[in-house]
Amino acid sequence: MTDVRIIEMGPRDGLQNEKTPISVADRIAFVERLVDAGLRTVEVGAFVSPKAIPQMVGSDEVLRSVGHIGNAEFHVLVPNEKGYEAARGAGAKVVSVFAAASEGFSRANINCSIAESIERFKPVLARARADGLKVRGYVSCVLGCPFDGEIRPQAVADVAGKLWELGCYEISLGDTIGVGTPLKAKQMLRAVADHVPAGNLAMHFHDTYGQALANLYAGMEEGIHVLDAAAGGLGGCPYAPGATGNVATEDVVYMLEGMGIRTGVDMEKLLAATNEISRLLGRPPVSRVATALNAKKRRAVT
Ligand code: HMG
Ligand code: MG
């Protein structure tokens with residue numbers, strides 16, 4: 001496999017659960033740094049309830065400010081028509097709807113059942129089609145749920161298949177709480193690939209148990225070449241207790257480049273983006289590669 005696409009999650013998934021407030025100006029600068037580092041697709045915000053996720057307030061300003069940057073695609077989350085309208089008003093070209101493979105998480109995250117969420121997405125997809133916007137679909141809790149426990153691969157396949165039938169161009173499969181292991185991931189991905197072509201699937205793995213890179217590698221062996229990742233390993237969902245961040249973009253880039261897969265990402269610039277957002281958050285990045293490279297830099301100056 002030589003053609004891999006990274007979807008950068010830092011400004012959305014990465015920041016949505018942070019206690020330290022990050023200003024809109026700093027969020028914009030973060031996106032700009034990531035694009036400058038070579039990340040060509042960045043999820044920059046969410047048009048969700050400000051009561052639910054105050055960290056994403058101002059996503060319209062973020063999107064408006066970065067929208068003009070050529071050679072990059074910006075994604076935003078929309079849970080319903082209200083979110084769609086706001087995203088479209090801010091110039092969105094790609095929106096993402098988000099469902100779950102478990103009833104418990106669907107209820108906690110978006111306050112409705114899985115079936116109701118699919119009904120909510122229908123008008124969003126219809127309007128996006130009419131307006132010429134692309135819609136990405138997420139399925140959360142594909143390898144385990146904080147409320148419902150084990151998730152059957154078929155349950156994931158059913159929801160992914162519905163989003164695909166609705167017209168999502170790509171379905172991103174979220175191990176929201178990062179509990180998956182490679183063989184389970186393969187089993188789940190094979191079940192989904194019976195309903196959605198592997199070429200239209202993406203992997204969105206959180207790294208809570210340190211398995212995300214191994215799971216991504218397993219998925220790449222199944223022909224999946226779109227990988228969601230967040231600079232610095234930032235991220236988490238307020239409705240997924242105990243879950244930590246997305247797999248770190250630096251770690252993914254290091255692995256891919258080591259496999260001879262060109263990512264187009266400048267590691268130095270990515271590290272600078274990670275270090276700057278970490279400085280604003282007041283703690284060092286958790287990613288292994290950022291930690292190693294920062295330590296190497298410190299050794300070089302002493
Ligand atoms: P609800 O309470 O059922 O909705 O929430 P409602 O229609 O009854 O509206 C309630 C209030 O929210 C009203 O305001 C609406 O106007 C407002 P009030 O009258 O109380 O002042 N509202 C909105 N405001 C702004 N934008 C909107 C919007 N919709 C309604 N689009 C809702 C349902 C989905 C809105 C709510 O539960 C919500 O916003 N949840 C946030 C979910 C979220 O953002 N979760 C994190 C992202 S998902 C994730 O991280 C997983 C992922 O990374 C993949 C993975 O890791 O698995 C993608
Ligand atoms: Mg996530």
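As the structure lists them, so they are numbered: ligands from 1, and atoms in each ligand from 1. Computed from a prediction, not measured in an experiment: that's the story for all the values here.
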Worksheet item: Quick one: does atom 40 (N) of ligand 1 have a protein heavy atom under 4.0 Å from it?
Response: yes
Worksheet item: Should K122 and E119 count as an ion pair when the cut-off is N to O under 4.0 Å?
Response: yes
Discussion item. For the metal site, I want the angle between atom NE2 of H204 and atom OD2 of D13 with the Mg ion (ligand 2) at the apex, to 10°.
Written reply: 90°
Item to complete: With heavy atoms of N80 as the reference, note each atom of ligand 1 found under 4.0 Å away.
Response: 27 (C), 28 (C), 29 (N), 30 (C), 31 (N), 35 (C)
Discussion item. Under 4.0 Å from atom 48 (S) of ligand 1, is there at least one protein heavy atom?
Written reply: yes
Worksheet item: Less than 4.0 Å between atom 45 (N) of ligand 1 and some protein heavy atom, yes or no?
Response: yes
Discussion item. Within the 3.5 Å criterion, strictly below it, is a donor on R27 or S59 matched to an acceptor on the partner's side chain?
Written reply: yes
Discussion item. With rounding to the nearest 0.5 angstrom, report the CZ to CD1 distance, R120 to I110.
Written reply: 6.0 Å
Worksheet entry | Interfacing atoms of ligand 1 (cut-off 4.0 Å, heavy-atom, K51) | 18 (P), 20 (O), 21 (O)
Response to the item:
the protein heavy atom lying closest to atom 25 (C) of ligand 1 turns out to be V48 O, 3.2 Å
Practice prompt. Run the numbers for me: atoms of ligand 1, each under 4.0 Å from some heavy atom of P50, listed by number.
Written response: 24 (N), 25 (C)
Worksheet item: Which of the atoms in ligand 1, numbered in the order shown and given with their element, are less than 4.0 Å from a heavy-atom of F47?
Response: 26 (N), 27 (C), 31 (N)
Worksheet item: Is the backbone of Y138 close enough, under 3.5 Å, to the side chain of S172 for a donor and an acceptor to pair up by distance?
Response: no
Worksheet entry | Sidechain-backbone polar pair: S117 side chain, I114 backbone, donor-acceptor under 3.5 Å | yes
Worksheet item: Under 4.0 angstrom from atom 51 (C) of ligand 1, is there any protein heavy atom?
Response: yes
Practice prompt. For salt bridge (charged side-chain N to carboxylate O under 4.0 Å, His left out), just list the numbers for E85 and R88, CA-CA rounded to whole Å, side-chain angles, deciding distance to a tenth of an Å, and then say yes or no.
Written response: CA-CA 5 Å; E85 268 166 32; R88 174 138 173 72; over 6 Å; no
Discussion item. I'd like to check which ligand 1 atoms, numbered from 1 as shown, lie under 4.0 Å from a non-hydrogen atom of L77.
Written reply: 47 (C)
Response to the item:
Note: A230 and E250 closest approach over all heavy atoms is O-OE1, 4.3 Å
Discussion item. Count I, L, V, M, F, W, Y as connected when their side-chain heavy atoms are under 4.5 Å apart, and connections chain through other members. Are Y169 and Y84 then in the same cluster?
Written reply: no
Fill in: ligand 1 N/O within reach of F98 N/O, cut-off under 3.5 Å
no
Discussion item. Distance under 4.0 Å to a non-hydrogen atom of G83: what atoms of ligand 1 satisfy this?
Written reply: 31 (N)
Worksheet item: Any idea which of L173, N109, V78 brings a heavy atom closest to atom 43 (C) of ligand 1?
Response: N109
Practice prompt. If you have a sec, work out which protein heavy atom is nearest atom 34 (C) of ligand 1 and how many Å separate them, to one decimal?
Written response: P79 CB, 3.6 Å
Discussion item. Measuring from non-hydrogen atoms of M9 to any atom of ligand 1, is the shortest distance under 4.0 Å?
Written reply: no
Worksheet item: Which residue and non-hydrogen atom of the protein lie closest to atom 33 (C) of ligand 1, and at what distance in Å?
Response: I110 O, 3.7 Å
Item to complete: Going by heavy-atom distance to atom 54 (C) of ligand 1, choose the closest among S140, A108, G174, G178.
Response: S140
Worksheet item: Are Y209 and I151 in one and the same hydrophobic cluster, where Ile, Leu, Val, Met, Phe, Trp and Tyr link if side-chain heavy atoms are under 4.5 Å apart?
Response: no
Item to complete: With rounding to the nearest 0.5 Å, note down the distance linking CD in E170 to CG in D228.
Response: 7.5 Å
Discussion item. Are any of the N/O atoms on N111, whether in the backbone or the side chain, positioned under 3.5 angstrom from an N/O atom of ligand 1?
Written reply: yes
Worksheet item: With atoms numbered from 1 as shown, which atoms in ligand 1 lie under 4.0 angstrom from a non-hydrogen atom of H206?
Response: 56 (O)
Discussion item. For residues V179 and V139: do they belong to one hydrophobic cluster (side chain heavy atoms under 4.5 Å, members Ile, Leu, Val, Met, Phe, Trp, Tyr)?
Written reply: no
Discussion item. Please tell me if atom 4 (O) of ligand 1 is touched by the protein, where touching means a protein heavy-atom distance below 4.0 Å.
Written reply: no
Worksheet item: Which protein heavy atom lies closest to atom 36 (C) of ligand 1, and at what distance to 0.1 Å?
Response: S49 CB, 4.2 Å
Worksheet item: For ligand 1, does H204 get within less than 4.0 Å through its side chain, its backbone, both, or neither, judged by non-hydrogen atoms?
Response: side chain
Worksheet item: Got a second to check how far T41's OG1 is from I7's CD1, nearest 0.5 Å?
Response: 4.0 Å
Worksheet item: Cluster question for you: counting only ILVMFWY and a side-chain heavy-atom cut-off of under 4.5 Å, with indirect links fine, are F105 and I177 together?
Response: no
Worksheet item: Any donor and acceptor pair, going by atom type alone, linking the side chain of T291 with main-chain N or O of S287 inside 3.5 Å?
Response: yes
Worksheet item: Within less than 2.8 Å of the Mg ion (ligand 2), any N, O or S from C237?
Response: no
Worksheet entry | From D13 atom CG to E8 atom CD, the distance as rounded to the nearest 0.5 Å | 10.0 Å
Worksheet entry | For ligand 1, the portion of I53 having any non-hydrogen atom under 4.0 Å away | side chain
Worksheet item: Does R12 reach ligand 1, in the sense of a heavy atom lying below 4.0 Å from it?
Response: yes
Item to complete: Give a yes or no on whether atom 23 (C) of ligand 1 lies under 4.0 Å from any heavy atom of the protein.
Response: yes
Worksheet item: Where do Q211 and L143 land on the side chain to side chain contact (heavy atoms under 4.5 Å, CB included) test, with the steps shown first?
Response: CA-CA 12 Å; Q211 304 295 300; L143 290 166; over 6 Å; no
Worksheet item: With atoms numbered from 1 as shown, which atoms in ligand 1 lie under 4.0 angstrom from a non-hydrogen atom of D13?
Response: 53 (O)
Discussion item. I need the nearest protein heavy-atom contact for atom 17 (C) of ligand 1: residue, atom name and distance, please.
Written reply: K82 CE, 4.2 Å
Response to the item:
Between the CD atom in E257 and the CE atom in M267, the distance rounded to the nearest 0.5 Å is 7.5 Å
